[in-house]
Amino acid sequence: MTTRARRRAVRAVEKVHHPVPRGSLRGTLLRAAASPAAKAAYITIGTVGLTALAVALIGPKRIEREVIKPLRGAIEPQAERAEKLAEKLWADSRHLRDQIAGMFRDATPTGREKLVRNFQSWIGHFRAT
């Protein structure tokens with residue numbers, strides 16, 4: 001004769017719903033005014049306002065002559081060098097990219113999943129350092 005434990009009857013318990021307290025309008029407005037989106041808007045509006053003030057005080061032609069053209073002259077050569085370097089790196093990595101693509105192409109589905117995990121771990125290691 002086997003002894004079985006008696007199961008207690010399970011009663012359904014009604015969930016207790018606690019009403020969410022609504023904040024005051026003032027509190028809601030203060031939270032909205034201090035949010036990251038609002039802070040970004042303040043910075044944008046302030047920057048645009050200061051720029052408009054500078055243009056009004058100094059004049060658009062003088063700003064273009066003394067600020068915009070020198071900046072453009074300094075930035076454009078660096079951008080061209082960076083673009084050429086990126087193109088060279090992309091061309092130099094062609095062989096490695098072909099090898100990696102071949103590894104994925106020739107792997108079984110299980111092996112492919114393992115390769116993905118290994119590459120993700122490897123990339124995560126370099127991002128962390």
Side-chain angles (χ1 to χ4, degrees):
M1 177 165 158
T2 335
T3 321
R4 290 178 57 182
R6 281 184 44 190
R7 268 188 77 184
R8 281 186 12 194
V10 179
R11 287 186 291 152
V13 177
E14 186 177 330
K15 289 185 177 180
V16 178
H17 296 285
H18 298 289
V20 178
R22 289 186 53 193
S24 67
L25 178 61
R26 182 173 182 238
T28 304
L29 290 175
L30 286 174
R31 273 194 308 279
S35 71
K39 290 177 183 176
Y42 301 150
I43 291 170
T44 304
I45 292 168
T47 304
V48 170
L50 287 174
T51 305
L53 182 62
V55 170
L57 292 175
I58 298 172
K61 290 187 181 189
R62 184 173 170 195
I63 287 183
E64 184 175 348
R65 184 178 66 242
E66 294 182 9
V67 177
I68 296 174
K69 283 186 180 177
L71 277 176
R72 187 179 296 146
I75 292 173
E76 284 179 353
Q78 291 178 0
E80 289 174 10
R81 282 195 300 267
E83 186 178 349
K84 287 178 184 176
L85 178 62
E87 288 173 2
K88 183 181 182 318
L89 288 172
W90 184 254
D92 290 349
S93 68
R94 172 79 181 186
H95 181 69
L96 180 61
R97 289 184 286 121
D98 289 342
Q99 280 184 330
I100 293 171
M103 287 171 44
F104 278 99
R105 185 179 49 248
D106 297 339
T108 63
T110 308
R112 208 173 282 136
E113 289 175 13
K114 190 174 181 179
L115 277 171
V116 168
R117 281 194 306 272
N118 287 340
F119 275 116
Q120 286 172 338
S121 172
W122 182 71
I123 290 169
H125 170 75
F126 284 103
R127 281 191 178 166
T129 57

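This is a predicted model, so every value here is computed, not measured. Computed over heavy atoms, backbone and side chain alike; hydrogens, waters and symmetry mates excluded.
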Report yes or no: do [X] and [Y] belong to one cluster of Ile/Leu/Val/Met/Phe/Trp/Tyr joined by side chain heavy-atom distances under 4.5 Å?
| X | Y | value |
| --- | --- | --- |
| Phe126 | Ile123 | yes |
| Ile68 | Leu50 | no |
| Leu115 | Trp122 | yes |
| Leu85 | Ile75 | no |

Problem - Exam field: side chain Ser121 to backbone Arg117, donor-acceptor pair closer than 3.5 Å - result: no
Practice task
Ignoring hydrogens and angles, tell me if any N or O in the side chain of Ser93 forms a donor-acceptor pair with the backbone of Leu96 under 3.5 Å.
Solution key: no
Going from [atom1] on [X] to [atom2] on [Y], what distance comes out if it is rounded to the nearest 0.5 angstrom?
| X | Y | atom1 | atom2 | value |
| --- | --- | --- | --- | --- |
| Leu25 | Leu30 | CG | CG | 9.5 Å |
| Leu89 | Lys84 | CG | NZ | 14.5 Å |
| Lys39 | Tyr42 | NZ | OH | 9.0 Å |

Compare every heavy atom of [Y] with every heavy atom of [X], then report the nearest pair and how far apart it is.
| X | Y | answer |
| --- | --- | --- |
| Ile58 | Ile63 | CG2-CG1, 4.1 Å |
| Phe104 | Arg112 | O-NE, 2.9 Å |
| Ala32 | Ala38 | O-CB, 3.3 Å |

Exercise for the section: May I ask you to check whether over 12 heavy atoms, not counting those of Arg97, lie within 6.0 Å of atom CZ? Expected result: yes
Exercise for the section: Please collect all side chain to side chain donor-acceptor pair (under 3.5 Å) contacts where either partner lies in residues 57-78, sequence neighbours excluded, each pair once. Expected result: Arg62-Glu66
Handout entry: Min side-chain heavy-atom separation Arg31-Ser35 under 4.5 Å
Key = no
